[in-house]
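To find a chain, count down the sequence lines: A is the first, B the second, and so on, and within it residues start at 1.
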Amino acid sequence: MAAAASARAQALSLLAAANNHGDLAVKLSSLRQVKDLLLSLEPSLSAEIFPYLAELHSSPEILVRKSLLEIIEEVGLRMLDHSYVLVTVLLVLARDEDPLVAKKAISVGTAFYCSILEEMAMQFHHRGKVDRWFGELWTWMVNFKDVLFSTALEPGCVGVKVLALKFMETFILLFTPDASDPEKCFNEGSRQMFNISRLAGGHPILNSATLMSEANRTFGILLDLVQSAGRLPGALTITVVNCLAVVARKRPVHYNTVLSVLLDFHPKLETVKGCHAASVQYSIRTALLGFLRCTSSPMIESRDKLLRALRAMNAADVADQVLRQVDKLIRNNERAARENWSGKNNQAVNHQNSWDLSKKRILPQGEDDTVNGEVAPKRLRHNNNMHLSPQVQISDSPHRINGISSGNHPSDSEPTPVEQMVSMIGALLAEGDRGAASLEILISKLHPDMLADIVIISMKHLPSIPPTLTTSLATPADIVVSSSINPMRSPTRQPQLPFDSTLPFGSSLSDVPSLNAVVDPRRDPRRDPRRMDPRRSNPSVVPTSPPVGEGKETVPVQMDISTVASKPPLVPAVTVEASGSVNPRTVEHSQTKVMGSSVIRKIDQPDCREDLSPIPKEYVYLSKGKSSLDVPLSPCKDDEGIRKTKFDLDLGSVPDFNQHSPSESEPDFDLHPPADLNITTGEESYRELAPVPSFVELTPEQSRTVMKLALERIIESNRHVCGFDCNKIRMALIARLIAQIDAGNDVATILREHISADHREFKGHELVLHVLYHLHSMANLGTDESSSYATVYENFLIVVARSFLDTLPPFDKSFSRLFGEAPHLPDSAIKLLDELCSIRPDPIGGEAYDSERVTQGLGVVWSLILVRPNERKACLAIALNCSVHHEEDIRAKAIRLVTNKLYHLPYTSEQVEQFATDRLLTAVNSETDLSQTADGTKTESKSQITSTSDSPRSGNSDIHSQQDLQTSREVSVLSFSEVQRLISLFFALCKKKPSLLRLVFDVYGKAPKIVIQAFHRHMPILIRELGSSYIELLPIISDPPKGSENLLTLVLQILTQELAPSLDLIATVKHLYETKLKDVSILIPLLSSLTKDEVLPIFPPLLNLPPDKFQLALAHILQGSAHTGPALTPAEVLIAIHDVVPDKDGPTLKKITDACSACFEQRTVFTQQVLAKALGQMVDRTPLPLLFMRTVIQAIDAFPTLVDFVMGILSKLVSRQIWRLPKLWPGFLKCVSQTQPHSFPVLLELPMPQLESIMKKFPDLRPSLTAYANQPTIRASLPNSALSVLGLDNGQRSQMHPSDAASSIHGAALT
Amino acid sequence: MRFRYAMVCSSNQNRSMEAHFLLKRQGLDVASYGTGSHVKLPGPSAREPNVYDFGTPYKQMFDELRRKDPELYKRNGILQMLKRNLNVKLAPQRWQDNGGDGVFDVVMTFEEKVFDSVLEDLNNREQPLMKTILVMNLEVKDNHEEAAIGGRLALELCQEIEGNESWEDTIDDIVAGFEKQQRRKLVYSISFY
């Protein structure tokens, strides 16, 4: 225990050295020692030191910060459960301005990220639950991830960004299912990298579906980065390419996408400054070579493509060499496998399957092929991976159209990505409801290609009789299958059909909401690889009727198209649909909205122009006579293509069209009018396309209806398609539609649900901003319609904002983001905000709810003040008005905001202070103002308004301040709560800036009673919160304004209440007392800290105080401070009181006696002993204190047992000839008389004249005294004079005689 | 001495050792490697090279060749080269087998094939450290004269990189500037530990 404590102390002192020492070397060596110490301690003990360690993150020394990271790495990873504090440091340092530190932080943070993940998964795997501390830790790690992602995408140091990109790669690898065997997981000794596929379902913290979809999104980001390579430094492009290559190699799911992106990578880098083109090109080459070295199936299959690309890069030799190496390797493996498993085991054969297809020319054939043929049908029954090699499949449709699907090869040893996905979906479904939710997310986030493949694979499971659609979802395959079942009735169907073409929309979609996502991208004609095929240069495709014997399903579509072709107005409608989904219902539907669509076309053209231009490739094929109408026709053309089996070998190598280009869905809009059959080149073609082929005039109502319908449809489709970028075009469309419709409310209501439902995923937010920016730019164009756009803008913003408030919980950030990022905030928005902050909409509604809304509103106000300088004043006015709100709750919140945040901002602090001051003065002047004339009131109110709000935008503030003034004048005397309302803010500000308190002191004298009362209420709280910063009050204390004495005393009291006053304070107050303020009462609070020498001089004025104050002072004096003890002991106090000489200026005798009495009242303090001590000391004084005898009498009254002691005193007094002191003598006599018979001996000591006078004065005494003296023993000792005074003269003798006689008799007798 | 450098050629004899020698003399922290499967030195004819395993000390090769044909190996400069090498380090090392040598910041290769091998090797390793490594290839013919020039250029490059706080921000400009000034091709890539 003691050892631990000393280790802790040692660590703390070392840390202090690391923090404060001037020498860097010492700092670093201290840190090293701390590290060793931490490693040697118990984790829980080390953890106690972590917070102090974490403080080093703000060290100005780079090396210290770096060492800190090293310690965190070494120590934190060993004790993850205690590392919470350290992780937060990582978060900060990952954004460090020094690249070295930031890099180190990223690397350490990544290690943490992986460890925590692994640990969490492992714990759950082994124990079925996860420790709670993981939850918080993981939240921080998620933050860390967010920081890195933003680092990667925002401008900054390339070195740091490179690492952030590497982290993204790691992230993708972690959360993309691994192809390798999922079984081998935690039990194996080697710590393998975590993978999501090994995560057991139902993990309490990790949601696999979300993580996987996020990994997919991240992958999309990397792809986008490659595509924007022209704008990046070369180092970044190279890193991204390398990262993508790693992803593709390790996660074959992404291979085809990466490959196609890399193959399509031809940016004109030479022109870019700061980008070394050759190196970038070389990185592509390296990546492709790397792929060539891989032996997993998709890579083997794309060999030809790779070889072609490498040849084009003059790397044919290297490529061939690599191929030879790989083949050699494969052969060796095969041989080894065959030898090991002697043919009986299928595995070796299957293993071989994975590459046999594309390597026929290399591999020995024959027996392998036959085996393959035999094995395959079995798998058909057993496995999910039903997409067999074409040879085995049904002869009519042997090949898939798309490169990806042909990339999925059956191999038991190595499940393809699609199979993994299918099995994952299966796993999710097995989880029941919870799984279903995740599944929905997963499906909606899946790469469309992947989804399509999953659907196609699943179709192989179709039963011969279609099940009813309403049956429960049993397996993942069923889900997909049930939705795609109908078109597949005929076994000869090729899979490219629009699956939903015959589906009733409502029934199946409700189960599989993302069905459109499955269908959409696949139908995109440009995805049809045959479009790339130069051999397909048949110009007259337009009305090709489907070959007899093709599926019936295509017919309705076909029919529609032909009618469309004959009815020009319909064309645009169909084209619009093409971007969404083509199904019979849609086509019918569209006929009702034809005109609307044509409007859409018109609106959207500018957008298309810019998006189209970068893809001239498209037009090359177009120019070969390809009909634009092949969008709707694609089903039948696909069929046609399928029969061209001779192309099949090429299909695998046709580059996959990139899914992520923003222009993805766009050409559909424009390529369809018949006019473009004559097009020759891209740009020109566009200009030809521009005019709308036909136009039908609509009434405004009609057009509005049509547009609304269009909007609804776009939104509807938006909900289902969540590709990486397919939202962009939709956003653009929606923005323009809204601008056109100008029907604020109803449009907004349409949107509202969508936006708020989707807002969490940020898509909704993007959409709203897109719309807002569009409207804003329209409004600012300066055209005639600008103002109407401005109105639309305003309405839209307000409606959206209100909908957020209505539907989203208060802690949701959407509202804040909306206001923070909107291009412009109109007055109505500010008003809405004001209402949110200060008005309670429903008094019956729950309190908590409202107050959270206020918090939310104030939060928004705060962020707007920070980020929107234009709205700053208005927002400030809102905040300030809330800070004097009638509702205490609102007021408290606003005051917190104003004092803790706004008051620190340089641009608002002045206004805040001014406002608070004005409110304070309003309260103070409330009574005096009443007495003033109406004119005076007016002028003052005016001045207040101008001082608080000089901006034209802060109209609210004007109104409010006027209201304040009016209320303060209407109510003759302010209520206490009203005063509180007005002054709370000021006092809160004082906490931050104690010097403001001077104003309170200044106005204290003239403030009305009620205000003073409020001051007194606030003061103790304030002073206590000020703590040690009360020093700033010293200037005020040293020079208090007139009339503020009470307040000053109060302040001093509070200051000294809990802590001993500092020397400064004592000096200040003493100085004040000595110079300016002669009132000793201000010293009272300090008395306990004064020394005896300091107290004694001020004793007389203290005595002169009113009794209650003197009592207080007495208490302080006797209490003393902890350090010095009491200034005076009670005995000293008594003496001091007695030493005071009554005089004209000083305390009167009465005051002094009162003081004495006050002391005697405190019998517990002024005890018998105290009195004895005091009296004993005083009796020796010369002259004797005036009140001495009085005190003696009082003492004996109070403590009768003191009598013996008192007799001692009295006898001393006798020896001091007390009778010579006329002022004390009567007291003495009184005392003697009161204390008889104890005082007799003393009396008898007196000289005769005095004794005699006493006898005269107190005749009662005589008999008893005589009796006393007459006692033989005493009498003998008495002088004769005394006896004679007592009248014992004669009698004495006579009386003595017998005794003498007796003695003589005795003596005689004896003698 | 902030960065750690590795010079890599195919046999860790001529080009990488020349650069190693020069950088070491300038006080840089440097190591050198080869990526071939064996160490090959010219023999009496093109078909009869002297083949050694990596790890065979330079001294041993030197003694052996001097014993075999001192005239020949002196004439073709092999003995002088080996003599220089044995003063630099003990024996040739193979890049792929020495992953445990720690973390380098910059790797210079002198042949495209070597560059590819290094990158491939780095890619095949686990990369848990999140530490960037800059790999650069400068084409240098495998003879003594070119090696001397190549070594000098490598030194210049490394010194320029050394002068930068964070090479990632400037590498594109450094490489472009080098190409312009020296009229030689230079390619770089970024990998991770």
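Of the inter-residue distances, the one linking B:Phe192 atom CZ with A:Ser107 atom OG reads 11.5 Å to the nearest 0.5 angstrom. The distance from the CG atom of B:Leu119 to the OG1 atom of A:Thr286 is 5.0 Å, given to the nearest 0.5 Å. How far NZ of A:Lys104 is from CE of B:Met130: 11.5 Å, rounded to the nearest 0.5 Å. Considering OG of B:Ser166 and CG of A:Asp98, their distance stands at 9.5 Å, rounded to 0.5 Å.
Under the 4.5 Å side-chain criterion, counting only non-hydrogen atoms from C-beta, B:Glu112 is in contact with A:Arg285. Residues A:Asn242 and B:Ser189 are in side-chain contact: their nearest non-hydrogen atoms beyond the backbone lie under 4.5 Å apart.
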Stepwise side chain to side chain contact (heavy atoms under 4.5 Å, CB included) test for A:Lys166 and B:Gln127:
CA-CA 10 Å; A:Lys166 181 71 183 169; B:Gln127 305 179 338; 2.3 Å; yes

Is there a side chain to side chain contact (heavy atoms under 4.5 Å, CB included) between B:Trp167 and A:Val158? Walk through the geometry before answering.
CA-CA 9 Å; B:Trp167 56 259; A:Val158 179; over 6 Å; no

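Of the listed residues (A:Gly290, A:Ser279, A:Cys157, A:Cys114), the greatest number of heavy-atom pairs within a distance under 4.5 Å of chain B belongs to A:Ser279. Ranked by non-hydrogen atom pairs under 4.5 Å with chain A, the options B:Lys185, B:Glu179, B:Glu126, B:Met136 are led by B:Glu179.
Ionic pairing of B:Glu120 and A:Arg249 is present here: one or more N-O contacts between side-chain nitrogen and carboxylate oxygen are shorter than 4.0 angstrom.
Taking the centre of each ring, A:Tyr282 and B:Phe115 come in below the 6.0 Å mark.
Using a 4.5 Å cut-off between heavy atoms, A:Leu100 touches chain B through its side chain atoms alone. Within the 4.5 angstrom heavy-atom criterion, only side-chain atoms of A:Val246, from C-beta onward, approach chain B.
Of all non-hydrogen atoms in A:His276 and B:Leu186, the two that sit nearest each other are CE1-O, 2.8 Å. Scanning all heavy atoms of the two residues, the minimum distance from B:Ile171 to A:Ala235 falls at CG2-CB, 4.0 Å. For the pair B:Thr132 and A:Leu163, the tightest heavy-atom approach, listed with the atom from each and the gap, is CG2-CD2, 3.9 Å.
Counting heavy atoms of neighbouring residues, nucleotides and ligands inside a 6.0 Å radius, atom CG of A:Asp317 does not exceed 12 of them. Within 6.0 Å of NZ on B:Lys113 lie no more than 12 heavy atoms contributed by other residues, nucleotides or ligands. Counted within 6.0 Å of NZ on B:Lys89, heavy atoms from surrounding residues, nucleotides or ligands total more than 12; the atom is thus considered enclosed. In the displayed structure, A:Glu97 atom CD is contacted under 6.0 Å by at most 12 heavy atoms of other residues, nucleotides or ligands.
Not a single donor-acceptor pair under 3.5 Å links the side chain of B:Asp172 to the backbone N or O of A:Pro233.
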